[in-house]
Each structure stands twice: as structure tokens, then as C-alpha cells.
Amino acid sequence: MSLPTAVRIVEVGPRDGLQNEKTIIPAATKIELIDRLSRTGLGTIEATSFVSSKWIPQLADAAEVFAGITRRPGIAYPVLVPNEKGYERAREVGVEEVAVFTAASEAFARRNINASIDESIERFRPVLEHAAADGVRVRGYVSTVLGCPYQGEVPVADVVRVARRLHALGCYEISLGDTIGIGTPARARAMFRAVAAEVPVAALAVHFHDTRGQALANLLACLEEGVGVVDSAVSGTGGCPYANGATGNVASEDVVYMLEGMGIATGVDLPALVETGLWLSARLGRETSSKVARALG
Ligand code: HMG
Ligand code: MG
């Protein structure tokens, strides 16, 4: 398979990047982050999550944040919803795209959303029905595709089965998440290839956390398998509080640098993205995790 000529980046920093932050970040800062990202050429910015505030206190301000951002034409601003309640809350403030999320590992699904995989999919069914009636697009996430912090190994067949179910349910795109950044390129490639045999490759995205420094290598392996959509977080923030040991997403700046350097178009203005990442890391009071930002900034 030849490399794609263009890749769509799904910027997950405002959601995955911030959800694990211990100190509550003011809504105004989250809004400014999204507005700054909206000026970098990104086409998709995951804005927040309409989940239980008991589970993710950092994103309890989801409605305020979503209502406060300046939505630019042509940019999608999806949000996470775990159930119908989340969908209704999101729609009240005008959300036009949502993402549902489950896992390939039963143990992780239980910890993260207090449900079995089957139960989670039953919760998504009415969300997808309402969304179809409302003209709302739904993305689907499968977590722990290369390993689980509680169960350990996750068979590729389980990843394939869950991805296929989300696609059959009506998710337009399935994002395959290495939640704890445990995979290595040969396993990432084999996993992606197995899923792509059952779900059209055009409907797949990859979501790598960089916990062990493997994210760009894993991404390259999947690019060679034809993936055209990549999740990443500006400044390399991120992690899930229900995934022990999970740290930042692969940094968007590093992904853009690698792709553009390989002649793969992203549409993203790298200097503007680097500036936004440095602005965010100053707000968070720590150094950026993006190597490219450190080199260019
Ligand atoms: P539960 O406690 O089992 O559910 O949580 P419940 O239905 O019993 O509800 C408990 C309380 O939450 C009730 O309130 C509900 O009303 C409320 P109370 O009566 O106690 O006052 N509630 C809600 N409130 C606001 N919005 C909602 C909502 N739903 C219920 N939507 C639940 C089940 C799914 C709600 C919970 O487990 C939850 O919110 N989990 C979210 C965890 C999460 O957000 N994790 C991080 C995102 S996933 C991730 O990071 C991985 C990813 O990046 C990909 C990768 O890296 O692999 C996507
Ligand atoms: Mg994640």
C-alpha cells in the first residue's frame, strides 16, 4: 500500500489533553485554546466531553466551553458522549458531531465507563438513532487496542469485533486507541491490517499515546497500511484517569512535522500550531512534550 498524499488530523488536546489535568483549568482558557487551534488550519478539533462530572471533574464545564467558542465554518468540533444524557446535554448547546467510546478490553470498559462492552454498545444505540434523525455525525472510539492496564494482552480479534460493531451501528469513523501507549510498530501494523480487513480503511483513524515513545513509529506503520486520519494533541498533553500509567497523546506538532516532511499534506500551519502549544504549556506551567516545539520554539 502506498502512503496517503493527505492526512486529516483530529486535534484531541482540548478533550483528551486536558481531561487528566489535576488542577481545574478555567473555562476561559479552554475556550481560548480551541479558538487559537481554530486559526491553525486544523479541520477537526475535539472540544470537550459531556460525561459525568463525578468521573471527569476537569470537563464539568463542557456546556460553558462549547457555548463560548467561536465556531469557524468548515471546522468540525466533536465532543465525547457516553450515553443519551450526554447526547442531550451536547445538543442543548448546539453540538453537531459527537463521539461514543468503548474498549476492546472488558476490564478497561468496566473501569472507564462502568459497563461491559455489550452494555456500552446498547447505550450507544439510542444515541445513534437520535443522531441520525438530527443529522449529527457520530465517531466511535475503541480503546486498549494494543494492550490494557488491567487485562494485559488484548487479542486482535477483540479489536476487530468491537470496531466492526461500531461501524455497523453507524459510526462514520472508528478511532483505534492505544490508550496506554504500549504498542510497537509491528503489532500496530498487524492490528490495523486486521481491522482494515473488516472495516473500510477510509473509515479508520489511529490514536496513539506516546507513553513509551513509540507513537510516531506506530503511526508510520499504520500510514503504510493506508490510514488517512490521525488523532493527536497539541503540546503532547493527555491521558485517561481510568487508565493507570497512560500519559500524553502524540504531539500534534510532531505529527505535522513528520507528515509534511514526508510530503503528506495536513493543511496545518506548523508555526501557528507550535505557538499555540507553547502558549498552552505556559498555562499548564510545564514544558511542552512536543520535541518539534522545543526545537522550533
Ligand atoms: P455511572 O456512575 O455508572 O452512571 O457512570 P449512572 O448512570 O449511574 O450515573 C451516575 C451519575 O452521573 C448520575 O448523577 C447521572 O445523572 C450522571 P447523580 O444521580 O448521581 O447525581 N450522569 C451524567 N452526568 C452528566 N453527563 C452525562 C451523564 N451520565 C450520567 N453524560 C458514565 C457511567 C458513563 C456516565 C461514567 O462512567 C462516565 O461519565 N465515564 C466517562 C469516563 C471518561 O470520560 N473517560 C475518559 C474518556 S475515554 C478516553 O480517554 C480514551 C480515548 O481517548 C481513546 C483512547 O485513548 O483509547 C477516547
Ligand atoms: Mg486517548
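We count ligands from 1, going down the list as the structure has it; atoms in each ligand are counted the same way.
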Q) Do Arg110 and Glu119 sit within salt-bridge range, that is, some charged N less than 4.0 Å from a carboxylate O? A) yes
Q. To the nearest 0.5 Å, how far apart are OG1 in Thr211 and CD1 in Ile180?
A. 7.5 Å
Q | Exercise check, heavy-atom protein proximity under 4.0 Å to atom 7 (O) of ligand 1 | A | no
Q) Do you see a protein non-hydrogen atom under 4.0 Å from atom 19 (O) of ligand 1? A) no
Q) What protein heavy atom is closest to atom 42 (C) of ligand 1, reported as residue, atom name and distance in Å? A) Asn112 O, 3.1 Å
Q. Are the charged groups of Arg294 and Glu287 less than 4.0 angstrom apart, N to O?
A. yes
Q | Heavy-atom proximity to atom 38 (C) of ligand 1, best of Trp55, Tyr141, Tyr87 | A | Trp55
Q) What residue and heavy atom of the protein are closest to atom 50 (O) of ligand 1, and at what distance? A) Gln19 NE2, 2.7 Å
Q) Relative to the heavy atoms of Arg123, which atoms of ligand 1 are at a distance of less than 4.0 Å? A) 34 (C)
Q | Close-contact set for ligand 1 against Leu80 heavy atoms, below 4.0 Å | A | 47 (C)
Q.
For Phe66 and Tyr77, take the angle between the two ring planes, folded into 0 to 90°, and tell me which bin it lands in: parallel under 30, tilted 30 to 60, perpendicular over 60.
A. perpendicular
Q | Donor-acceptor contact present, side-chain Gln58 to main-chain Glu21, <3.5 Å | A | yes
Q | Criterion ring-ring contact (aromatic ring centres under 6.0 Å, His included) against Tyr242, the qualifying member of Phe101, Phe108, Tyr150, Trp55 | A | Trp55
Q: Answer yes if the side chains of Glu11 and Ser252 hold a donor-acceptor pair under 3.5 Å, and no otherwise.
A: yes
Q. What do we get for Gln58 next to ligand 1 when only non-hydrogen atoms under 4.0 Å count, side chain, backbone, both or neither?
A. neither
Q: Mark yes or no for whether Glu260, through its side chain, and Thr266, through its backbone, hold a donor-acceptor pair below 3.5 Å.
A: yes
**Q.** Any donor-acceptor pair under 3.5 Å from Asp35 side chain to Thr70 backbone
**A.** yes
Q. Atoms of ligand 1 less than 4.0 Å from Phe50 heavy atoms?
A. 26 (N), 27 (C), 31 (N)
Q) Is the NZ or CZ atom of Arg139 positioned over Tyr172's six-membered ring, under 6.0 angstrom from the centre and within 45° of the axis? A) no
Q: Inspect the contact between Arg165 and Glu198 and indicate whether a charged nitrogen and a carboxylate oxygen are less than 4.0 angstrom apart.
A: no
**Q.** Between Thr288 and Ser281, a side-chain donor and acceptor under 3.5 Å
**A.** no
(Q) Counting non-hydrogen protein atoms only, what is the nearest one to atom 54 (C) of ligand 1? Give residue, atom name and distance. (A) Ser143 OG, 3.4 Å
Q. Counting each atom of ligand 1 from 1 as listed, which ones have a heavy atom of Asn114 under 4.0 Å away?
A. 1 (P), 3 (O)
**Q.** Minimum-distance protein heavy atom relative to atom 14 (O) of ligand 1
**A.** Lys54 NZ, 3.9 Å
Q.
Quick test: of every protein heavy atom, which one is nearest to atom 16 (O) of ligand 1, and how far off is it to 0.1 Å?
A. Lys85 NZ, 2.9 Å
Q. Is Arg125 salt-bridged to Glu129, going by a charged N under 4.0 Å from an acidic O?
A. no
Q: Would you list the protein N, O or S atoms within less than 2.8 Å of the Mg ion (ligand 2), leaving out water?
A: Asp16 OD2, His207 NE2, His209 NE2
Q: Return the option from Asp16, Asn83, Ile56 holding the heavy atom at the smallest distance from atom 30 (C) of ligand 1.
A: Asn83
(Q) Please report whether atom 4 (O) of ligand 1 has a protein non-hydrogen atom at a separation of less than 4.0 Å. (A) no
Q.
Looking only at distances, can you tell me whether any N or O atom of Gly86, backbone or side chain, sits closer than 3.5 Å to an N or O atom of ligand 1?
A. yes
Q. For atom 32 (C) of ligand 1, which protein heavy atom lies nearest, and how many Å away is it?
A. Ile113 O, 4.2 Å
Q.
Could you check whether any side-chain heavy atom of Thr237 comes within less than 4.5 Å of a side-chain heavy atom of Leu280, counting everything from C-beta outward?
A. yes
(Q) With no hydrogens and no angle check, just 3.5 Å: does a side-chain donor-acceptor pair link Asp269 and Thr40? (A) no
Q) From atom 47 (C) of ligand 1, is the closest protein heavy-atom distance below 4.0 Å? A) yes
Q: Classify the angle between the aromatic ring planes of His130 and Tyr87 as parallel (below 30°), tilted (30 to 60°) or perpendicular (above 60°).
A: parallel
Q: Could you list the atoms of ligand 1 found under 4.0 angstrom from a heavy atom of Pro82?
A: 31 (N), 34 (C)
Q) Which heavy atom of the protein is the closest neighbour of atom 52 (C) of ligand 1, given with residue, atom name and distance? A) Arg15 NH2, 3.8 Å
Q.
Could you check whether any side-chain heavy atom of Val145 comes within less than 4.5 Å of a side-chain heavy atom of Phe192, counting everything from C-beta outward?
A. no
Q. What protein heavy atom is closest to atom 12 (O) of ligand 1, reported as residue, atom name and distance in Å?
A. Ser52 OG, 3.5 Å
**Q.** Interfacing atoms of ligand 1 (cut-off 4.0 Å, heavy-atom, His209)
**A.** 56 (O)
